S.K.: 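One structure, pasted below without further comment.
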Amino acid sequence: MTSYSNRLETFPIGEFCRKILKWYEKNKRPLPWRENKDPYRIWVSEIMLQQTKVDTVKPYFENFMNKFPTPEVLAEAEEEQVMKAWEGLGYYSRARNLQSAVKEVVHHYGGEIPKSPEDFASLKGVGPYTKGAVMSIAYDLEEPAVDGNVMRVLARVLLIGDDIGKQRTRKQVEQDVRALMVGTSPADFNQALMELGALVCTPKNPDCTACPVNNTCRAYQRGMTRELPVKAKKKKQQRQTMAAAVIENKNGEILVEQRPDKGLLAGMWQFPMVEASPALLHEAMSNYLKETHHVDVVLEATEQRFDHVFSHLIWDIHVFRTTAHAHTLTLNGKWLTKTKAKQLAFSVSHQKIWEQQL
DNA sequence: GATACGTGGAC
DNA sequence: TGTCCAAGTAT
């Protein structure tokens, strides 16, 4: 493997840049956020695209831009409407941080997305990648935008054997990109690297024979594309057994509760839910309903269960239901009509809970 | 620097 | 079913 200090010394930078830029010009996908250089549009797309596939993002992006077409509109929108537009995309702090950052742009930068990388990077939810992506794509500033694609492409091209999960590796690759992009269009160069990673230099079965830069690729020349990039294996997710309850009162209303404003699914509404050992689910939910929502009734187990898989844990959700007397005394919940409860209860798992208890 | 933070799709 | 992933950030 090549070391950080010397890996660009004998690398044909000019040839690599010329070829990848030419390839990008010819092969770039027409994407909704490539229609113009509106920094706000590009910013929104970059946030949505974090850890999320292009095909997943497309419909969300169109809908989001229709509802919140400018920083001013997003800044003034109800947070609940913003979250609703994000529902299903995951990583919900992205939406809250984006709205918070846009408010700062409107109130402190006159509604103009800062052209200073340092100013832009100070906004909530804007990390090293998003800073480089928006500054380069929207303003053509010479900033690297190193995402998973770029890490993979350069790990192979430059034969980098370091774990790409490490922050230090990413910082070194950022320096590599800074050196490579001199004299190019940063907007096109960054996107060319990412597009090549997405379409040709894929994680599995890269299409090396079709690659425009295979003659400069050190991994390809050595038959090592399959060993790169190096990435530490993920730990297995922890399993949690959960009880969830759909409770209808005599008025036909459904009980929903709000999660804490920090942590997993922060601030989101859900049907009452508790963690417990598998044998004690029924008892745990009964006690929880009594203590938290002052609902003291006989619970019915539905025999319905399903997994909700997160990146770091798995909920084994068991669905209960019951009918309660009408009242409103709850600690962190409220009774809503079925329609409103179903709308408010967030996250994919709660749509499933609703369907399964019917 | 390791861990928390969602989801759906590919194989 | 399991595993890995997809244009990362905050703490």
Side-chain angles (χ1 to χ4, degrees), chain A residues 28-29 31-34 42-61 83 86-98 100-101 120-138 143-153 163-171 173-174 177 187 190-199 201-205 229 231-240 259-268 270 306-316 346-352:
Chain A
K28 64 181 172 190
R29 293 165 291 179
L31 299 172
W33 43 91
R34 285 182 176 161
I42 291 164
W43 183 10
V44 171
S45 78
E46 290 302 343
I47 300 296
M48 284 190 173
L49 284 161
Q50 287 169 11
Q51 303 289 285
T52 311
K53 291 193 157 69
V54 165
D55 285 343
T56 303
V57 167
K58 278 180 183 172
Y60 282 91
F61 179 78
M83 300 307 290
W86 208 272
E87 183 177 2
L89 265 184
Y91 287 140
Y92 297 97
S93 65
R94 291 185 295 175
R96 263 196 214 89
N97 286 339
L98 176 61
S100 166
F120 184 65
S122 75
L123 300 169
K124 279 188 185 167
V126 178
Y129 166 75
T130 304
K131 171 183 73 164
V134 175
M135 293 297 98
S136 66
I137 297 172
E143 291 285 329
V146 176
D147 70 338
N149 288 309
V150 178
M151 295 286 284
R152 182 173 60 255
V153 169
D163 182 352
I164 63 165
K166 303 284 186 188
Q167 290 187 21
R168 189 180 42 145
T169 309
R170 198 210 68 236
K171 286 181 183 174
V173 170
E174 281 179 353
V177 173
N190 280 335
Q191 292 187 87
L193 281 175
M194 291 190 273
E195 199 79 341
L196 189 75
L199 300 180
C201 194
T202 48
K204 292 169 217 164
N205 305 316
K231 195 172 180 181
K233 285 188 180 170
K234 279 186 229 172
K235 285 190 295 187
K236 206 168 148 189
Q237 300 117 309
Q238 173 198 344
R239 271 191 98 82
Q240 290 183 344
R259 297 179 60 81
D261 62 6
K262 297 209 169 185
L264 185 63
L265 302 173
M268 293 170 47
Q270 63 182 10
F306 62 95
D307 282 351
H308 183 125
V309 180
F310 298 90
S311 44
H312 59 301
L313 68 91
I314 301 172
W315 279 350
D316 179 3
F346 233 93
S347 164
V348 176
S349 61
H350 288 83
Q351 302 297 328
K352 286 185 189 163

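Order of the sequence lines sets the chain letters (A, B, ...), proteins ahead of strands, with each chain counted from 1. Treat the numbers as computed from the prediction; the structure is a model and nothing was measured.
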S.K.: Check whether any side-chain N or O of A/His308 sits under 4.0 Å from OP1 or OP2 of B/dT7, and answer yes or no.
M.R.: yes
S.K.: Identify, between A/Gly263 and A/Arg168, the residue whose nearest nucleotide on DNA chain B lies closer to the 5' end.
M.R.: A/Arg168
S.K.: By ring-ring contact (aromatic ring centres under 6.0 Å, His included), which residues pair with A/Phe61, not counting sequence neighbours?
M.R.: A/Trp33
S.K.: In whole Å, what is the span from the CG atom of A/Leu313 to the C1' atom of B/dG6?
M.R.: 10 Å
S.K.: Table please: side-chain donor-acceptor pairs of residues 232-239 of chain A below 3.5 Å, with sequence neighbours left out.
M.R.:
unit_1	atom_1	unit_2	atom_2	d
A/Gln237	NE2	A/Phe310	O	3.0
A/Arg239	NH2	A/Asp307	OD1	2.9
A/Arg239	NH2	A/Asp307	OD2	3.3

S.K.: What is the distance from CD of A/Gln237 to P of C/dT3, rounded to the nearest Å?
M.R.: 9 Å
S.K.: Give me the distance, rounded to whole Å, that separates B/dC5 from C/dA6 when you measure between the P atoms they each carry.
M.R.: 23 Å
S.K.: Please report the distance, rounded to the nearest Å, between CG in A/Leu264 and P in B/dT3.
M.R.: 17 Å
S.K.: Can you tell me how far P of B/dG6 sits from CD of A/Gln270, to the nearest Å?
M.R.: 12 Å
S.K.: Side-chain contact test, heavy atoms from C-beta onward, threshold under 4.5 Å: evaluate it for A/Lys58 versus A/Leu31 and give yes or no.
M.R.: yes
S.K.: Please state the P separation for the pair B/dT3 and C/dA7 - nearest whole angstrom.
M.R.: 23 Å
S.K.: Given B/dA4, B/dT7, B/dT3, which nucleotide is nearest the side-chain atoms of A/Tyr92?
M.R.: B/dT7
S.K.: Nearest whole Å is fine: how far is C/dG2 P from A/Asp307 CG?
M.R.: 9 Å
S.K.: Output all residues satisfying side-chain contact (heavy atoms from CB on, under 4.5 Å) with A/Pro229, sequence neighbours left out; order by chain, then residue number.
M.R.: A/Arg152, A/Ala155, A/Arg156, A/Ile164
S.K.: For nucleotides 4-11 of chain C, read 5' to 3', which letter fits each nucleotide if B means a protein heavy atom sits under 4.0 Å from the base, S means only the sugar-phosphate is that close, and - means neither?
M.R.: SBBBBSS-
S.K.: Measure CZ/A/Phe310 against C1'/C/dG2 and give the value in whole Å, please.
M.R.: 19 Å
S.K.: Got a sec, which residues hit side-chain contact (heavy atoms from CB on, under 4.5 Å) with A/Arg94, two or more places apart in sequence or on another chain?
M.R.: A/Ile47, A/Gln50, A/Thr52, A/Trp86, A/Leu89, A/Tyr91
S.K.: Please give, in whole Å, the distance from B/dT7 C1' to A/His312 NE2?
M.R.: 13 Å
S.K.: When you look at CZ of A/Arg34, are more than 12 heavy atoms from neighbouring residues, nucleotides or ligands closer to it than 6.0 Å?
M.R.: yes
S.K.: Which value, in whole Å, describes the distance between the C1' atoms of nucleotides C/dT9 and B/dG1?
M.R.: 14 Å
S.K.: Measure from CD on A/Gln238 to C1' on B/dA4 and round the result to the nearest Å.
M.R.: 12 Å
S.K.: With sequence neighbours excluded, tell me which residues meet side-chain contact (heavy atoms from CB on, under 4.5 Å) with A/Leu199.
M.R.: A/Trp23, A/Arg29, A/Glu195
